[in-house]
Amino acid sequence: MAHIDLGNELPGIRGPMAYSPETARPLNELAEALLRDDNNTLSRGERELIGTYVSYLNDCFFCQNVHGSLAQHYMECDMSYIDAIKANPAETVLSDKMKALLGIAASVQKGGKSVTTVQIDKARALGATDKEIHDTVLIAAAFCMYNRYVDGLATWAPQDRQFYIDRAPRRAAEGYLDYDLHK
Amino acid sequence: MPHIEVNNDFAGIRGLMAFRPETAEPLAALAEVLLRDNEGLTRAERELIATRVSYLNDCFYCHNSHGELACVYLDGDRDLVDQVRKDYQHADISDKLKALLTIVSKVQQSGKAVQPEDIARAREAGATDKDIHDTVLIAAAFCLYNRYVDGLGATTPTDLSTYAPRARQVAERGYGSHIYSAGQPVR
């Protein structure tokens with residue numbers, strides 16, 4: 001049971017979002033700009049993967065499954081590949097650039113000051129642009145917020161992972177803006 | 001020097017926001033709702049929560065920026081702001097705010113660190129569901145802002161006298177786009 005009376009039975013972040021539409025609006029606008037806007041040289045799949053990885057490091061079941069399912073949908077792979085990336089990106093066939101960006105994301109999860117110039121230089125040497133580095137840091141930071149919002153209020157999360165996989169195509173099509181929280 | 005070339009001279013989060021206005025807009029809108037909403041928690045309480053979590057995250061730019069904002073709303077009581085940063089249990093603030101600041105410390109560690117007894121204590125001290133909601137989200141949001149600022153190595157002024165004029169500007173005008181477009185106020 002959630003720590004406060006949300007007045008609805010919605011899972012995960014949708015509960016507090018329906019409870020507080022004034023804050024839901026900018027939270028969703030941020031997700032849309034960071035994760036879904038196509039004016040970006042990182043693919044939607046790559047950006048969802050960064051969100052998934054940080055949510056995994058923060059041990060947020062709801063977020064890592066929502067965004068892991070979206071990453072899997074965009075990357076047209078199965079969940080076992082997403083799970084392998086979460087467990088150890090270095091041992092997967094991800095590009096070296098993505099591995100470097102996930103390394104930066106992991107540092108951000110610990111604390112902003114954990115990011116080193118060595119990590120940044122490495123990502124840049126592997127082709128990452130300033131905007132890609134910016135977005136990686138901000139996506140990782142944003143999930144340090146979303147994860148805490150979801151778990152800090154003790155929202156409930158469906159335990160069947162298929163629930164999330166089934167919903168991913170619709171979220172991919174509708175986006176994070178103007179979707180019906182109750183559907 | 002920031003980790004990326006931001007192509008502007010703005011300090012702290014302002015420089016990052018000017019670099020990427022598409023994400024700056026919702027980030028500013030979120031701060032506006034969370035920190036300036038007059039319902040429930042006061043603006044001073046909201047800024048104190050932001051200051052405390054930024055202090056715990058060791059984000060110099062944010063805890064000084066929001067500490068100065070709190071100071072504006074507290075008629076210049078900088079000592080109180082400093083005590084909330086370092087030792088809120090003994091600060092001259094309400095029991096409700098103390099209980100909420102305990103929740104803040106938990107959220108800063110992790111969402112799962114918040115325990116039902118932390119919530120119960122806040123409620124006994126008079127916190128409403130909305131107060132608790134806003135406290136959790138302000139604390140979570142500053143876990144974003146702090147990481148954004150320090151994760152990209154944003155420029156951080158060390159001259160503390162530069163924070164007060166900016167704070168007065170935000171107190172007057174809110175967290176709109178002027179924060180990443182208007183120059184440093186002289187006084």
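Because only heavy atoms are used, hydrogens play no part in the values below, and waters and symmetry mates are left out as well, while side chains stay in. Throughout, protein chains are lettered first and strands after them, A, B, ... in sequence-line order, and every chain is numbered starting at 1.
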(request) Verify whether one side chain among B/H66 and B/Y163 offers a donor that lies under 3.5 Å from an acceptor in the other. (result) no

(request) Scan side-chain atoms only and decide if B/T102 and B/Y88 contain a donor-acceptor pair under the 3.5 Å cut-off. (result)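 Present: a donor and an acceptor within the cut-off.
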
(message) B/L41 and side-chain contact (heavy atoms from CB on, under 4.5 Å): which single residue from B/K96, B/K130, B/E47 fits?
(response)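 Single side-chain contact (heavy atoms from CB on, under 4.5 Å) partner of B/L41 among B/K96, B/K130, B/E47: B/K96.
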
Is any NZ, NE, NH1 or NH2 atom of the basic residue among [X] and [Y] found under 4.0 Å from an Asp or Glu carboxylate oxygen of the other?
X: B/D95; Y: B/R121; answer: no
X: A/D166; Y: A/R161; answer: no
X: B/E68; Y: B/R78; answer: yes
X: A/D135; Y: A/R47; answer: no

(message) Sort by residue number and list every residue of residues 19-38 of chain B having at least one heavy atom under 4.5 Å from chain A.
(response)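 When heavy atoms of chain A are the reference, residues 19-38 of chain B contributes B/F19, B/R20, B/E22, B/T23, B/P26, B/L27, B/A29, B/L30, B/V33, B/L34 within the under-4.5 Å range.
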
(message) At under 4.5 Å between heavy atoms, what parts of residues 104-113 of chain B are in contact with chain A? List them by residue number.
(response)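 Those residues of residues 104-113 of chain B which have a heavy atom under 4.5 Å from chain A are B/V107, B/Q108, B/Q109, B/S110, B/G111, B/K112.
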
(message) Would you say CG of B/D92 has more than 12 non-hydrogen atoms from neighbouring residues, nucleotides or ligands within 6.0 angstrom?
(response) no

(message) Can you confirm whether more than 12 heavy atoms, excluding those of B/D75, are under 6.0 Å from its CG atom?
(response)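 Not buried by this count: 12 neighbours or fewer within 6.0 Å.
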
(message) Just so I understand: if I count every heavy-atom pair under 4.5 Å between each of A/T116, A/I133, A/V108 and chain B, which residue has the most?
(response) A/V108

(request) Classify the ring geometry between A/Y56 and A/Y53 as parallel (under 30°), tilted (30 to 60°) or perpendicular (over 60°). (result)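 Aromatic pair A/Y56/A/Y53 classed parallel.
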
[X] versus chain B, the contacting section by heavy-atom distance below 4.5 Å:
X: A/I120; value: side chain
X: A/Q109; value: backbone
X: A/R25; value: neither
X: A/K131; value: both

Please check if the side chain of [X] supplies one atom and the backbone of [Y] the other of a donor-acceptor pair under 3.5 Å.
X: A/T52; Y: A/H67; result: yes
X: A/N8; Y: A/L6; result: yes
X: B/R52; Y: B/R85; result: yes
X: A/N39; Y: A/D37; result: no

(request) Taking the six-membered ring for Trp and the full ring for Phe, Tyr or His, determine whether the centres of B/Y148 and B/Y145 are under 6.0 Å apart. (result) no

(request) Under 4.5 Å, heavy atom to heavy atom: which of residues 11-23 of chain A reach chain B? Give them by number, or say none. (result)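 A/P16, A/Y19, A/S20, A/E22, A/T23, listed by number.
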
(message) Quick check on the interface: out of B/I132, B/V149, B/V136, who has the most heavy-atom pairs with chain A under 4.5 Å?
(response)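 Most heavy-atom pairs under 4.5 Å with chain A: B/V136.
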
(request) Look at B/L16, B/N57, B/T128, B/D58 and state which one has the largest set of heavy-atom pairs under 4.5 Å with chain A. (result) B/D58

(request) Could you list the residues that satisfy side-chain hydrogen bond (donor to acceptor under 3.5 Å, both in side chains) with B/R123, not counting sequence neighbours? (result) B/D129

